[in-house]
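Notes to accompany the following structure.
Everything numeric here is computed off the predicted structure, so don't read it as measured data.
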Amino acid sequence: MEILLPEIKNIKLNQLLIKRRSIRSFRDDPLTLEDLSNLLFAAYGITNNFGFRTVPSAGATFPLEIYVNIKNVIDVDEGVYKYIPERHSIVLHLSRDVSYDLAIASLNQMFIAEAPVVIIITADFYRTVKVYGNRGYRYVYMEAGSSYQNVYLMATALNLGTVAVGAFYDDKVKEILMIDEDPLILLPVGKPFKTV
């Protein structure tokens, strides 16, 4: 038996879900600091006084760390920054644009080097695995999926585009970023050639 579902309502989220696409071609236009703020808040921002985030986290272990490579954001110097959710701020981690290196490490997906920003979602698995054992690995991946879907939807709301890149050499990305966490997803974000 098949049950036809009612038509979806004209809810703003539904419209974003309909418009959401993976974008691999970006204009040279810079992003604004406001754009960046919204994207990073969507990825892992704090939503209340208890420290809860924009994504669910198993046992509130919060294993993710968010980095962003900035190539072209108005009034922000190039470099790799770490997102600090507790202060909704970014701090300089590396003082150079590494988007080209990330593109090479991602099996030569050169659109990564074209994007004005690349958001990098990483994880310290131990934070969750110490609580849940091996099942914790699954929970971390679920959390990362929630985070990058939020970035997709926020990018769409801002008339920006992104694509989740999972094909890369993990060790090379860690070396480029000079981090201990494990990289999970790269999200180049920019203004698409076509409006999304």
Side-chain angles (χ1 to χ4, degrees), residues 20-28 31 35-36 39-40 42-44 53-55 57 61-73 76 78-85 90-129 134 136-156 160-193 196:
R20 187 220 56 80
R21 295 291 177 266
S22 293
I23 304 296
R24 293 175 177 84
S25 184
F26 307 103
R27 299 193 323 233
D28 287 336
L31 296 191
D35 292 334
L36 183 64
L39 290 163
L40 293 175
Y44 218 49
R53 308 293 168 94
T54 55
V55 301
S57 181
T61 54
F62 304 119
L64 304 185
E65 296 290 345
I66 311 296
Y67 293 86
V68 59
N69 180 80
I70 294 179
K71 177 179 177 179
N72 194 3
V73 173
V76 181
E78 286 185 352
V80 176
Y81 293 79
K82 185 174 184 179
Y83 178 53
I84 310 299
I90 55 175
V91 294
L92 186 63
H93 177 71
L94 296 173
S95 58
R96 68 180 190 90
D97 166 27
V98 298
S99 59
Y100 179 81
D101 298 332
L102 290 173
I104 298 300
S106 300
L107 312 179
N108 299 314
Q109 296 183 75
M110 298 315 293
F111 60 86
I112 294 169
E114 297 170 6
V117 304
V118 180
I119 296 171
I120 305 106
I121 300 175
T122 71
D124 177 350
F125 283 95
Y126 180 72
R127 294 178 197 165
T128 307
V129 171
N134 284 339
Y137 290 102
R138 178 182 299 196
Y139 298 154
V140 172
Y141 289 120
M142 290 167 61
E143 189 167 332
S146 296
S147 178
Y148 88 74
Q149 178 71 355
N150 282 0
V151 172
Y152 258 100
L153 294 174
M154 183 58 75
T156 303
L160 302 172
T162 190
V163 62
V165 177
F168 51 79
Y169 295 106
D170 296 30
D171 290 342
K172 189 64 181 164
V173 170
K174 286 176 77 164
E175 179 185 319
I176 291 165
L177 296 174
M178 299 177 66
I179 59 172
D180 294 323
E181 302 91 0
D182 292 301
L184 301 179
I185 299 287
L186 307 182
L187 292 152
V189 184
K191 295 182 181 176
F193 279 104
V196 291

### Message
Apply side-chain contact (heavy atoms from CB on, under 4.5 Å) to residues I104 and I176 and explain how you reach the verdict.
### Response
CA-CA 11 Å; I104 298 300; I176 291 165; over 6 Å; no
### Query
What is the distance from atom CD1 of I121 to atom CD1 of I66, rounded to the nearest 0.5 Å?
4.5 Å
### Distance, nearest 0.5 Å, that separates OG1 of T122 from CG of L177
8.5 Å
### Query
Can you find a heavy atom in the side chain of V189 that is under 4.5 Å from one in the side chain of P116?
no
### Task
Decide if atom CG of D170 counts as having more than 12 heavy atoms of other residues, nucleotides or ligands within a radius under 6.0 Å.
yes
### Task
For atom CG of D180, decide whether the heavy atoms of other residues, nucleotides or ligands shown that lie under 6.0 angstrom number more than 12.
no
### Query
Per the side-chain contact (heavy atoms from CB on, under 4.5 Å) rule, which among T61, T128, V129 passes with Y139?
T128
### Distance in Å, L31 CG paired with L36 CG, rounded so as to fall on 0.5 Å steps
7.5 Å
### Message
So, applying ring pair (Phe, Tyr, Trp, His ring centres under 6.0 Å) with H93, which one of Y67, Y81, Y83 is it?
### Response
Y67
### Query
Is the number of heavy atoms from other residues, nucleotides or ligands within 6.0 Å of OH (Y148) greater than 12?
no
### Query
Considering only heavy atoms from C-beta outward, does the side chain of L107 approach that of Y169 to under 4.5 Å?
yes
### Task
Might you point out which heavy atoms bring A42 and M154 nearest each other, and give the distance in Å?
CB-CB, 3.7 Å
### Side chain proximity check, I120 to L102, heavy atoms < 4.5 angstrom
yes
### Message
Taking atom NZ as the centre, does K172 end up with more than 12 heavy-atom neighbours from other residues, nucleotides or ligands that are less than 6.0 angstrom away?
### Response
no
### Message
With rounding to the nearest 0.5 angstrom, report the CG to CG distance, N72 to D97.
### Response
9.5 Å
### Task
Of all the heavy-atom pairs spanning P63 and S57, show the shortest one and how long it is.
CD-OG, 3.7 Å
### Query
According to the interplanar angle, ranging from 0 to 90°, do the rings of Y44 and F62 count as parallel (below 30°), tilted (30 to 60°) or perpendicular (above 60°)?
perpendicular
### Query
Under the 3.5 angstrom rule, does the side chain of K174 hit a backbone N or O of P183 as a donor-acceptor pair?
no
### 4.5 Å side-chain heavy-atom contact, R96 and D101
yes
### Query
At their closest point, which heavy atom of A43 faces which heavy atom of V55, and how far apart are they?
O-CG1, 3.9 Å
#### Entry: Gap separating the CG atom of L186 from the CG atom of N69, nearest 0.5 angstrom
10.0 Å
### Message
What's the separation between atom OH in Y152 and atom OG1 in T156, rounded to the nearest 0.5 Å?
### Response
9.0 Å
### Query
Charged N to carboxylate O under 4.0 angstrom, E65 versus R127?
yes
### Other residues, nucleotides, ligands: >12 heavy atoms within 6.0 Å of Y137 OH
no
### Task
Compare every heavy atom of K71 with every heavy atom of S99, then report the nearest pair and how far apart it is.
OG-CD, 3.8 Å
### Query
What pair of heavy atoms forms the shortest contact from P188 to F26, and how long is it?
O-CZ, 3.7 Å
#### Entry: Within 6.0 angstrom of F111 CZ, more than 12 heavy atoms from elsewhere
yes
### Message
Just so I know, are the side chains of F125 and E181 near enough to count as touching, which here means a heavy-atom distance under 4.5 Å?
### Response
no
### Heavy-atom side-chain proximity of V151 to I185 below 4.5 angstrom
no
### Query
Which atom pair, heavy atoms only, marks the closest approach of R53 to P85?
NH1-CG, 3.6 Å
### Task
State, with a plain yes or no, whether a side-chain heavy atom of L160 is found less than 4.5 Å away from one of L39.
yes
